[in-house]
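Scroll down for the structure; my scribbles are underneath it.
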Amino acid sequence: QVQLVESGGGLVQSGGSLRLSCAASGRTFSSDVMGWFRQAPGKEREFVAAINWSGRITRYADSVKGRFTIARDNAINTLYLQINSLKPEDTADYYCAADIHNNNYLNVRPDEYDYWGQGTQVTVSS
């Protein structure tokens, strides 16, 4: 059974940092694009960041550029999101996802991704 399991979320003060992890099992995603999305209460799921198979190409939403960093370790089938300078508007459930039809093209649409984790909650207090 293929699983993506996020961890690392929590409650943090504005300006703080968190490191989210996404551990994959049941299938290797080392040849696939992977991404992070988030969904705030009452809002649609939105793109945060994506990374190509090698980790050398990345893409970010404008709202997180310069504050968030996506990375991957294919040796242990794990995706990361380092989030710094957190703002209250970053509060959301964060999801990792895998796009098994691409290895370099970084899609921003959620419906282009094939596998999803269950999400980890990030709450930023002001």
Side-chain angles (χ1 to χ4, degrees):
Q1 181 181 0
V2 177
Q3 281 192 310
L4 296 175
V5 180
E6 301 96 335
S7 61
L11 173 63
V12 63
Q13 289 189 332
S14 182
S17 298
L18 285 172
R19 188 193 196 202
L20 307 184
S21 298
C22 171
S25 61
R27 184 190 190 280
T28 178
F29 293 101
S30 59
S31 299
D32 304 316
V33 165
M34 297 196 72
W36 286 96
F37 291 77
R38 67 186 181 184
Q39 188 166 17
K43 295 189 176 181
E44 291 187 352
R45 191 165 297 190
E46 66 173 0
F47 171 77
V48 173
I51 190 167
N52 81 321
W53 71 275
S54 69
R56 292 175 182 164
I57 304 172
T58 58
R59 184 175 185 179
Y60 296 93
D62 288 344
S63 59
V64 307
K65 277 181 185 176
R67 300 188 299 121
F68 290 19
T69 303
I70 189 171
R72 66 191 299 164
D73 186 341
N74 288 337
I76 57 171
N77 224 12
T78 300
L79 179 72
Y80 302 100
L81 186 69
Q82 178 67 42
I83 47 181
N84 299 327
S85 303
L86 278 160
K87 305 175 182 179
E89 51 264 41
D90 294 318
T91 294
D93 291 327
Y94 283 71
Y95 299 88
C96 68
D99 176 1
I100 65 172
H101 297 98
N102 284 292
N103 49 29
N104 282 312
Y105 184 75
L106 306 183
N107 277 304
V108 300
R109 289 172 42 183
D111 59 1
E112 296 289 349
Y113 287 75
D114 308 285
Y115 292 98
W116 291 85
Q118 84 291 343
T120 186
Q121 188 173 57
V122 172
T123 303
V124 185
S125 63
S126 57

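Trp36 and Val108 are assigned to two separate hydrophobic clusters, defined by single-linkage of ILVMFWY side chains at heavy-atom distances under 4.5 Å. Criterion: ILVMFWY side-chain heavy atoms under 4.5 Å apart, direct or through other members. Under it, Ile51 and Phe47 are not part of a common hydrophobic cluster.
Within the 3.5 Å criterion, the main-chain N or O of Gly55 finds a donor-acceptor partner in the side chain of Asn52. No donor-acceptor distance shorter than 3.5 angstrom exists from the side chain of Trp53 to the backbone of Phe29, with no hydrogens or angles considered. Side-chain atoms of Arg59 come within 3.5 Å of backbone N or O of Leu106 as a donor-acceptor pair. In terms of modelled atom types and a separation under 3.5 Å, the side chain of Thr78 and the main chain of Ile76 share a donor-acceptor contact. With hydrogens and angles disregarded, no donor-acceptor distance shorter than 3.5 Å links the side chain of Gln118 to the backbone of Val5. Between the side chain of Tyr80 and the main chain of Thr69, no donor-acceptor pair closer than 3.5 Å is present.
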Stepwise side-chain contact (heavy atoms from CB on, under 4.5 Å) check, Arg67 with Tyr60: CA-CA 10 Å; Arg67 300 188 299 121; Tyr60 296 93; over 6 Å; no
Asp114 vs Arg27, salt bridge (Lys or Arg N to Asp or Glu O under 4.0 Å): CA-CA, chis, key distance, verdict: CA-CA 13 Å; Asp114 308 285; Arg27 184 190 190 280; over 6 Å; no
CA sep, side-chain torsions, deciding dist, call: Asp32, Tyr115, side-chain contact (heavy atoms from CB on, under 4.5 Å): CA-CA 11 Å; Asp32 304 316; Tyr115 292 98; over 6 Å; no
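The distance from atom CE of Met34 to atom SG of Cys22, rounded to the nearest 0.5 Å, is 4.5 Å. One finds the CG atom of Leu20 at 8.0 Å from the OG atom of Ser7 (value rounded to the nearest 0.5 Å). Annotation: the span from Gln39 atom CD to Glu46 atom CD amounts to 9.5 Å, rounded to 0.5 Å. Distance check, rounded to the nearest 0.5 Å: OG1 of Thr123 to CG of Asp90 gives 11.0 Å. The distance from the CG atom of Leu18 to the OH atom of Tyr94 is 9.0 Å, given to the nearest 0.5 Å. Rounding to the nearest 0.5 Å places SG of Cys96 at 6.0 Å from CG of Leu79.
The two atoms that bring Leu81 and Ala49 nearest to each other are CD1-CB, 4.3 Å, heavy atoms only. Annotation for Val33 and Tyr105: closest pair CG2-O, 3.4 Å, computed over non-hydrogen atoms. The nearest pair of heavy atoms linking Asn104 to Ile57 is OD1-CD1, 4.0 Å. Of all non-hydrogen atoms in Asp111 and Arg109, the two that sit nearest each other are OD2-NH2, 2.7 Å. In this structure, Val124 and Thr91 approach most closely via the heavy-atom pair N-OG1, 2.9 Å. Considering every non-hydrogen atom in both Val48 and Val64, the closest pair reads O-CG2, 3.6 Å.
Note: Tyr95 and Trp116 have perpendicular aromatic rings, judged against thresholds of 30 and 60 degrees for the angle between ring planes.
For the side-chain contact (heavy atoms from CB on, under 4.5 Å) test with Phe68, the passing option among Thr58, Ile83, Asn84 is Ile83; the others fail.
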